[in-house]
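The first residue in the sequence is number 1, and the count goes up from there. All values below were derived from every heavy atom in this structure, side-chain atoms included, with hydrogens, water molecules and symmetry-related copies excluded.
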Amino acid sequence: LVLSDHGKGYKGICWDERRDYDPESYVQPPDHLTLKNIRNVLQMFNTVRRKVDVVTLAACGMSCFEMAVIFGQFTDYVVASQLPTYPQHGLTTEKVLEHLNGYDWESYSPTPFQVSVDFVNGFMEESGGTQYDSSVCVIETDHVQELADQFNETMRSIRNSWDYLGECFSTAYDQTTRVPGPELGEFEQGDLKEFLVNLREEVSSLILDPNARSVYNKLGDCIETYDEIVVYGHLIRGLNGMNLYMPMEPIPINLGIYSWDYLWILPFSNNYYVICLMYHSGLEYNPPEDDDDFTPLDPVNSHIIDDDQD
């Protein structure tokens with residue numbers, strides 16, 4: 001499956017350009033495919049046919065943690081870029097078909113991984129070789145949910161010890177490289193692995209504390225799992241393959257946590273990364289009384305919603 005158009009990370013991909021739209025207004029934007037829209041299609045196809053071997057996202061900034069978590073159960077590999085891509089550099093439909101028809105299907109059937117690698121190499125060839133200023137990679141999805149669970153648990157531990165680990169979070173957060181893109185402000189993204197490494201380095205200064213030591217070890221597990229996910233790519237500018245939504249500006253107070261759409265992206269009853277972002281922004285998190293009934297995404301197989309502990 002190849003999707004080629006504008007991309008905005010966790011916001012989605014493939015905007016309907018048939019309507020006039022002022023991008024500064026953020027009012028009634030044209031319809032587009034959200035990550036949940038695409039997940040639902042992949043899930044249905046998985047149910048009636050089989051898992052999709054490869055999903056290629058030929059669009060800006062779509063190699064992000066949020067996308068990998070949501071798509072991970074229904075495809076083996078995702079090909080995407082952390083950085084902006086440009087129309088003249090993309091894998092157009094014609095080029096994709098030409099590429100696939102290049103295999104000698106009668107005598108050789110490439111593996112999904114080989115197809116993914118060939119897509120990356122084909123993308124680079126179309127864009128003029130290795131000097132192209134994008135960071136395209138292959139994400140293997142087998143361990144994505146494992147990383148998601150580890151990441152959320154690590155953020156929960158930091159939230160619980162915010163009084164002395166909050167400064168570590170904030171320092172690492174501010175130091176992490178922000179990835180340029182076609183949209184700024186609420187679409188801003190940072191390199192996920194760099195953030196994890198920076199955060200672990202900050203926490204290491206408090207290693208004698210048992211809670212800090214636990215977080216330090218959990219971050220090590222996150223980094224180890226991350227390295228099993230990004231399996232091939234053309235990585236440049238010190239980037240490591242996947243972005244994470246990392247706004248530089250504080251979360252808007254007037255929106256409130258349950259009006260902020262990012263809370264609904266990851267399949268957790270409590271998105272502890274968002275709560276840490278709120279604390280980092282100087283806000284308080286006050287869950288409503290019916291918080292136990294709140295589910296950010298409709299649960300799907302292997303996404304376990306367990307809020308007994310919190």
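Grouping the Ile, Leu, Val, Met, Phe, Trp and Tyr side chains by contacts below 4.5 angstrom, directly or via other members, places Tyr164 with Leu219. Val41 and Leu33 are not part of a single hydrophobic cluster, where members link through side-chain heavy atoms under 4.5 Å apart. Connection of Ile207 to Ile158 is established within a shared hydrophobic cluster, with ILVMFWY side chains joined at heavy-atom distances below 4.5 Å, either directly or through further cluster members.
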Yes or no on side chain to side chain contact (heavy atoms under 4.5 Å, CB included) for Ile139 and Met67, after CA distance, side-chain angles and deciding distance? CA-CA 11 Å; Ile139 296 171; Met67 174 280 299; 4.0 Å; yes
Going through the checks in order, is the side chain to side chain contact (heavy atoms under 4.5 Å, CB included) test met by Ile38 and Ile13? CA-CA 9 Å; Ile38 302 171; Ile13 190 173; 3.6 Å; yes
Quick one: do Arg213 and Asn217 satisfy side chain to side chain contact (heavy atoms under 4.5 Å, CB included)? Show the steps, please. CA-CA 6 Å; Arg213 185 162 58 251; Asn217 291 332; 4.1 Å; yes
Could you walk me through whether Cys168 and Leu206 pass side chain to side chain contact (heavy atoms under 4.5 Å, CB included), step by step? CA-CA 9 Å; Cys168 295; Leu206 304 172; 3.8 Å; yes
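Scanning all heavy atoms of the two residues, the minimum distance from Ser63 to Cys137 falls at OG-SG, 3.6 Å. The nearest pair of heavy atoms linking Ala212 to Leu165 is CB-CD2, 4.1 Å. Here the closest heavy-atom approach between residue Ser161 and residue Asn211 is recorded as OG-CB, 4.0 Å. The shortest heavy-atom contact between Cys14 and Leu3 is SG-CB, 4.2 Å. When every heavy atom of Val215 is checked against every heavy atom of Ser157, the shortest pair comes out as CG2-CB, 3.7 Å. Nearest heavy-atom pair across Leu235 and Ser135 is CD2-OG, 3.3 Å.
At least one donor-acceptor pair under 3.5 Å links the side chain of His32 to the backbone N or O of Lys11. Tyr173 places no side-chain N or O within 3.5 Å of a backbone atom of Leu199 that could act as its donor or acceptor partner. The main-chain N or O of Val2 is never found under 3.5 Å from a side-chain atom of Thr56 such that the two would form a donor-acceptor pair. Counting only distance, with no hydrogens or angles, the side chain of Thr111 and the backbone of Gln114 share a donor-acceptor pair below 3.5 Å.
No side-chain heavy atom of Val115 sits under 4.5 Å from any side-chain heavy atom of Asp53. Using a 4.5 Å heavy-atom cutoff, the side chains of Arg39 and Lys36 are in contact. Side-chain contact between Val138 and Phe119 is absent, with no heavy atoms from C-beta onward closer than 4.5 Å. For the pair Phe65 and Leu147, the minimum side-chain heavy-atom distance is below 4.5 Å. Using a 4.5 Å heavy-atom threshold, the side chains of His280 and Asp174 count as touching. Counting heavy atoms from C-beta on, the side chains of Cys222 and Thr154 come closer than 4.5 Å. For the pair Leu83/Arg237, a side-chain contact is recorded, criterion being any heavy-atom separation below 4.5 Å from C-beta on. Between Met242 and Leu244 the shortest side-chain heavy-atom distance does not fall below 4.5 Å.
Remark: the Glu202 side chain and the Asn198 side chain contain no N/O donor-acceptor pair separated by less than 3.5 Å. Inspection of the Asn37 and Thr34 side chains reveals an N or O donor paired with an N or O acceptor under 3.5 Å. Counting only N and O atoms by type, the side chains of Asn121 and Tyr232 include a donor and acceptor under 3.5 Å apart.
Aromatic ring centres of Tyr279 and Phe169 lie farther apart than the 6.0 Å criterion allows. Taking the centre of each ring, Phe74 and Phe45 stay at or above the 6.0 Å mark.
Separation of atoms SG (Cys64) and CG (Leu35) is listed at 6.0 Å; rounding is to 0.5 Å. Note: Asn270 CG to Met155 CE = 14.5 Å, rounded to the nearest 0.5 Å. With rounding to the nearest 0.5 angstrom, the CD1 atom of Ile275 is 8.5 Å from the CG atom of Asn152. Atom OG1 in Thr75 sits 14.0 Å away from atom CD1 in Ile70 (nearest 0.5 Å). Between the CZ atom of Arg156 and the NZ atom of Lys218 there is a distance of 5.5 Å, given to the nearest 0.5 Å. Of the inter-residue distances, the one linking Ile223 atom CD1 with Lys193 atom NZ reads 7.0 Å to the nearest 0.5 angstrom.
Remark: of the listed residues Thr176, Asn240, Thr177, Asn240 is the sole one forming a side chain to side chain donor-acceptor pair (under 3.5 Å) with Asp191.
Sparse packing is recorded around CD of Glu201, with 12 or fewer heavy atoms of other residues, nucleotides or ligands lying under 6.0 Å away. Under a cut-off of 6.0 angstrom, the local environment of CD in Glu228 is crowded, with over 12 non-hydrogen atoms contributed by other residues, nucleotides or ligands. Counted within 6.0 Å of CD on Gln175, heavy atoms from surrounding residues, nucleotides or ligands total more than 12; the atom is thus considered enclosed.
Seen from the ring of Phe195, Arg178 does not count as a face-on cation partner, given the 6.0 Å and 45° thresholds.
Ring geometry, Trp105 versus Tyr103: the interplanar angle exceeds 60°, so the pair is classed perpendicular (tilted spans 30 to 60°).
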